[in-house]
Amino acid sequence: MKKMIKLSLVAAVAVAGLTTTSSAANLTDAVKNTQLNGYVRYRLHADHEGTQGDTTEETKAVMKFTSKVNNAVKANVKLVSNAVTKSGQTSADTAVTEGNFVISAAGATVIAGLQTSQSPFFANNGDTRSHGVTVIKPLNKSLTLAGAYYTTTVGGGLTTLNAADSKAFTNNVTALAAIGKVSSVNYALWYASVEDGADVTDETTLSTGLVDASATSIELNTKIAGVNVQLMNTVVTNADVDTGLTKLVASGKAGKVSYVAAYAATEKDGGMVTLDQDDDAKSDLAMGNHAMSQLADTTGILLGASMPVGPVTVSVNHLMVDNDTLDGSETDVKVAYKMSKNFGGYVRIAQDGGDLTSDNTRIEVKYTF
C-alpha cells in the first residue's frame, strides 16, 4: 500500500536532502511529496532433523522513501534491517540498499546512484545493490532498450551466520538488454560483462572467481491454449568455468486450482548464473533445501498446485533432482492465510527424500505497507 505520510523532521531532511536553513514551506512541501512503502516480516524456522534441532528466528524490515524533487526527478532511499538468531547466536545488519535519483528525460528513465541491481544476473530478493547508472528507453510499444554500468555490486544477503555464505562483491559490470514483444511472444535478451571481480569467502580472504566474466540470458514467454509457457537460458563464462541453467515452465489455472510444472538442467560446471554468487535468482529452480544453481550436470522437475480452501490457500510442491551422485526430492505443504490486503502469513512443512533426509517447518507473518 502506497500513501502520502507525515514524516519526522529527521526523515524528511534525509529523504528530501534539505538543509537546516530550509523554510517551513519547503519542509511542508517535501513531506507532502514523500511516499513510504515496505514490509515487516517475522520467520520462525525449525529443523527437526538437525543434529541439535536448530531453530532459526529472522526479523526483517524494509522501508523505502520516494520523494518528488520536481516533475522530472524523484529521490529514493531504501533501508533494510535484518536480524537472525540461530543456536543462541544473533547476527544483525542495517543497510541503505538504495540511495538514488530517478530522472525522466527525452522519453528515457535514468537511475543514478546506489540501486537494486538490474538484470537476471543478480539475486531476485532485492538485497543486491550496486553503485552506478541504469538507463531504460522505450523505442516503441514492442521494444525497450536498457543499459547499466555498475562500479561496485554487493550481494549475497545482508545477514549471515555462516562465513561460507557471506557477502560477495563484483566490480565494473556492464549490462545491456532488449526487452519486447514479437507477435504473441514476450522476450528479454540480456548481456553482461565483468571487468574485474571477486567473491568474499570470509572477512579477509578473497577468491577471484569472477574475473573477466561474461553472461548471457534469453527469456521467452507466451501463452499456448491458455497455458503460460516460459523458456529461460542463462550462462556465465570466464576463463575457468562455464556455468549455466536452462528452465522450461508451464503454469496456469483450471477452475480454482493454480498449477505449475517446470523442468531445469544445469551445465557440467554448475548452475550458478548470478554475478553476485547468490542462489536467489529468477533463473533458478529451487525449494527449501535444493537449488539447481548449486548443482552441476543435474536435471530437476518441479510440480506444484494450489487452491483456496475456505479462508486459507493450500499449496503443495514437489521437486526432484538427479545427477550421477545425487537422487533427491523435496515436498512441501503450505497453508497461507491473508487477514487483509496487506497482512498475512503462512505455515510451511517440508520433507526431503532420496539421498537427503530432513524435516523442517517454517512459520511466517508479514505486514506490507
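Residues V73 and F101 approach most closely at CG1-CD2, 3.9 Å, considering heavy atoms. Across Y259 and A254, no two heavy atoms sit closer than the pair CE2-N, 4.0 Å. Nearest heavy-atom pair, N360 versus H45, reported as atom, atom and distance to 0.1 Å: OD1-CE1, 3.5 Å. The heavy-atom pair separating S81 from T94 by the smallest distance is OG-OG1, 3.1 Å. Of all non-hydrogen atoms in M232 and S217, the two that sit nearest each other are CE-OG, 3.7 Å. The two residues L285 and A262 make their nearest non-hydrogen contact at CD1-CB, 3.9 Å.
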Please report the C-alpha distance between L245 and D284 in whole Å, then the side-chain angles of each, then the deciding distance to 0.1 Å, and finally whether the side-chain contact (heavy atoms from CB on, under 4.5 Å) criterion is met.
-> CA-CA 7 Å; L245 181 59; D284 203 3; 3.9 Å; yes

Could you check R348 against D332 for salt bridge (charged side-chain N to carboxylate O under 4.0 Å, His left out), going step by step and ending with a plain yes or no?
-> CA-CA 7 Å; R348 173 185 173 273; D332 76 39; 3.3 Å; yes

Check step by step if side chain to side chain donor-acceptor pair (under 3.5 Å) holds for D322 and T299.
-> CA-CA 6 Å; D322 181 69; T299 58; 4.6 Å; no

Where do N172 and Y149 land on the side-chain contact (heavy atoms from CB on, under 4.5 Å) test, with the steps shown first?
-> CA-CA 7 Å; N172 300 333; Y149 181 76; 3.4 Å; yes

Step by step, would you call T109 with I103 a side-chain contact (heavy atoms from CB on, under 4.5 Å)?
-> CA-CA 6 Å; T109 300; I103 305 163; over 6 Å; no

Residue pair N233, L231: steps toward the side-chain contact (heavy atoms from CB on, under 4.5 Å) verdict = CA-CA 7 Å; N233 173 260; L231 175 63; over 6 Å; no

Determine, stepwise, if the pair N33 / S67 fulfils side chain to side chain donor-acceptor pair (under 3.5 Å).
-> CA-CA 6 Å; N33 287 310; S67 183; over 6 Å; no

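Following chains of ILVMFWY side-chain contacts shorter than 4.5 Å, one can reach V185 starting from I218, so the two form part of one hydrophobic cluster. The hydrophobic clustering, which links ILVMFWY residues whose side-chain heavy atoms are closer than 4.5 Å, places L36 and F343 together. The hydrophobic clustering, which links ILVMFWY residues whose side-chain heavy atoms are closer than 4.5 Å, places V321 and M272 apart. One hydrophobic cluster holds both V365 and V40 under the rule that ILVMFWY side chains link at heavy-atom gaps under 4.5 Å. One hydrophobic cluster, built from ILVMFWY side chains closer than 4.5 Å, cannot hold both Y346 and L44; they sit in different ones.
By the 6.0 Å contact criterion, CG on N71 is open, its count of non-hydrogen atoms from other residues, nucleotides or ligands being 12 or less. Within 6.0 Å of atom NZ in K253, 12 or fewer heavy atoms from other residues, nucleotides or ligands are found, so the atom counts as exposed in its surroundings. Within 6.0 Å of atom CG in D324, 12 or fewer heavy atoms from other residues, nucleotides or ligands are found, so the atom counts as exposed in its surroundings.
At least one side-chain heavy atom of Y39 sits less than 4.5 Å from a side-chain heavy atom of K60. By the 4.5 Å heavy-atom criterion applied to side chains, I111 and V133 are not counted as neighbours. Side-chain atoms of M63 and F369, non-hydrogen and from C-beta on, do get closer than 4.5 Å to each other. Taking the side chain as every heavy atom from C-beta outward, V182 and Y187 approach each other to under 4.5 Å. In this structure the side chain of F65 never reaches within 4.5 angstrom of the side chain of N76, judged on heavy atoms. Between L114 and V96 the shortest side-chain heavy-atom distance falls below 4.5 Å. Taking the side chain as every heavy atom from C-beta outward, T59 and N82 never approach each other to under 4.5 Å. Inter-residue side-chain proximity for T134 and Q115 is flagged as met; some heavy-atom pair is nearer than 4.5 Å.
Note that NZ of K74 is 7.0 Å distant from OG of S104, once rounded to the nearest 0.5 Å. Rounding to the nearest 0.5 Å gives a distance of 12.0 Å between CG of D47 and CZ of R362. Of the inter-residue distances, the one linking D269 atom CG with T243 atom OG1 reads 7.5 Å to the nearest 0.5 angstrom. To the nearest 0.5 Å, atom CG of residue L303 and atom NE2 of residue H318 are 7.0 Å apart. In this structure, CZ in R129 is found 13.5 Å from CG in N100, a value given to the nearest 0.5 Å. Atom CD of Q351 and atom CG of D359 lie 4.5 Å apart (nearest 0.5 Å).
Between the side chain of K223 and the main chain of S184, no donor-acceptor pair closer than 3.5 Å is present. Counting only distance, with no hydrogens or angles, the side chain of E98 and the backbone of L79 share no donor-acceptor pair below 3.5 Å.
Partner of V236 under the side-chain contact (heavy atoms from CB on, under 4.5 Å) criterion, chosen from T216, V273, T274: V273.
Of the N and O atoms on the side chains of E219 and N221, at least one donor lies less than 3.5 Å from an acceptor on the other residue. T151 and H131 form no side-chain donor-acceptor contact under 3.5 Å, judged by distance and modelled atom types alone. S315 and S306 share no side-chain donor-acceptor pair at under 3.5 Å. Remark: the S193 side chain and the S214 side chain contain no N/O donor-acceptor pair separated by less than 3.5 Å. For the residue pair N323 / T298, a side-chain donor-acceptor distance below 3.5 Å is found, with atom types taken as modelled.
Using the six-membered ring where Trp is involved, Y150 and F122 have ring planes that are perpendicular, over 60° apart on the 30 and 60° scheme.
R43 and E57 are not joined by a salt bridge, as no carboxylate oxygen comes within less than 4.0 angstrom of a charged side-chain nitrogen. Under a 4.0 Å N-O distance rule, the pair E58/K86 does not qualify as a salt bridge.
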